[in-house]
Amino acid sequence: MSQFENVTVIKQANVYDGGKVTSRVVKFADGSRKTLGIMLPGEYTFDTQAAELMEILAGELDVQLPGSEDWQAIKGGESFNVPANAIFKLKVHSLVDYCCSYFE
């Protein structure tokens with residue numbers, strides 16, 4: 001899906017790591033939400049409250065998912081899932097454009 005219809009966008013950005021990661025919340029009529037964002041190159045650790053689907057629209061990164069010692073290469077057009085109440089790590093190699101869906 002390249003666009004969303006009939007949504008509400010929260011104008012204020014979520015800003016992390018000194019502005020190296022930013023996103024905006026998109027709310028849908030059914031109550032679900034997504035974030036659309038950009039990550040600059042760097043290493044990041046994130047925690048989840050809800051389960052997440054991270055769709056990488058463009059760019060390249062490595063992800064270390066909870067319970068794994070291994071890093072998985074992800075590039076534009078690919079995605080990965082993160083369980084609720086978990087910590088995951090990213091090594092972003094190039095500017096990453098992403099869409100994150102939350103499952104509560």
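Model, not experiment: these values are computed from the prediction. Any value given below was found using the heavy atoms of this structure, including those in side chains, with hydrogens, waters and symmetry copies removed.
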Side chains of Tyr98 and Ile38: does their closest heavy-atom pair fall under 4.5 Å? no

Measure across Ser94 and Glu60 and return the closest heavy-atom pair with its distance rounded to 0.1 Å. OG-N, 3.1 Å

Test side-chain contact (heavy atoms from CB on, under 4.5 Å) applied to Phe88 and Gln64, step by step: CA-CA 6 Å; Phe88 66 103; Gln64 185 182 45; over 6 Å; no

Heavy-atom check, side chain of Glu78 versus side chain of Ile56, under 4.5 Å: no

I want to check something: taking the side chain as every heavy atom from C-beta on, are Phe46 and Val82 in contact at a cut-off of under 4.5 Å? no

Side-chain contact, heavy-atom cut-off 4.5 Å: Val92 with Leu40? no

Is there a side-chain hydrogen bond (donor to acceptor under 3.5 Å, both in side chains) between Lys89 and Thr45 once you walk through the steps? CA-CA 4 Å; Lys89 296 180 181 180; Thr45 300; 5.2 Å; no

In this structure, are over 12 heavy atoms from other groups packed under 6.0 Å from Asn6 atom CG? no

Student check: side-chain heavy atoms of Val21 and Tyr44 closer than 4.5 Å: yes

Decide yes or no for Pro41 and His93: does some side-chain heavy atom of the first lie under 4.5 Å from some side-chain heavy atom of the second? no

Note, Leu61 side chain near Met39 side chain (heavy atom, < 4.5 Å): yes

Restricting to non-hydrogen atoms, name the atom on Phe80 and the atom on Val63 that form the minimum distance, rounded to 0.1 Å. CE1-CG2, 3.7 Å

Non-hydrogen side-chain atoms of Pro66 and Pro83 separated by less than 4.5 Å: yes

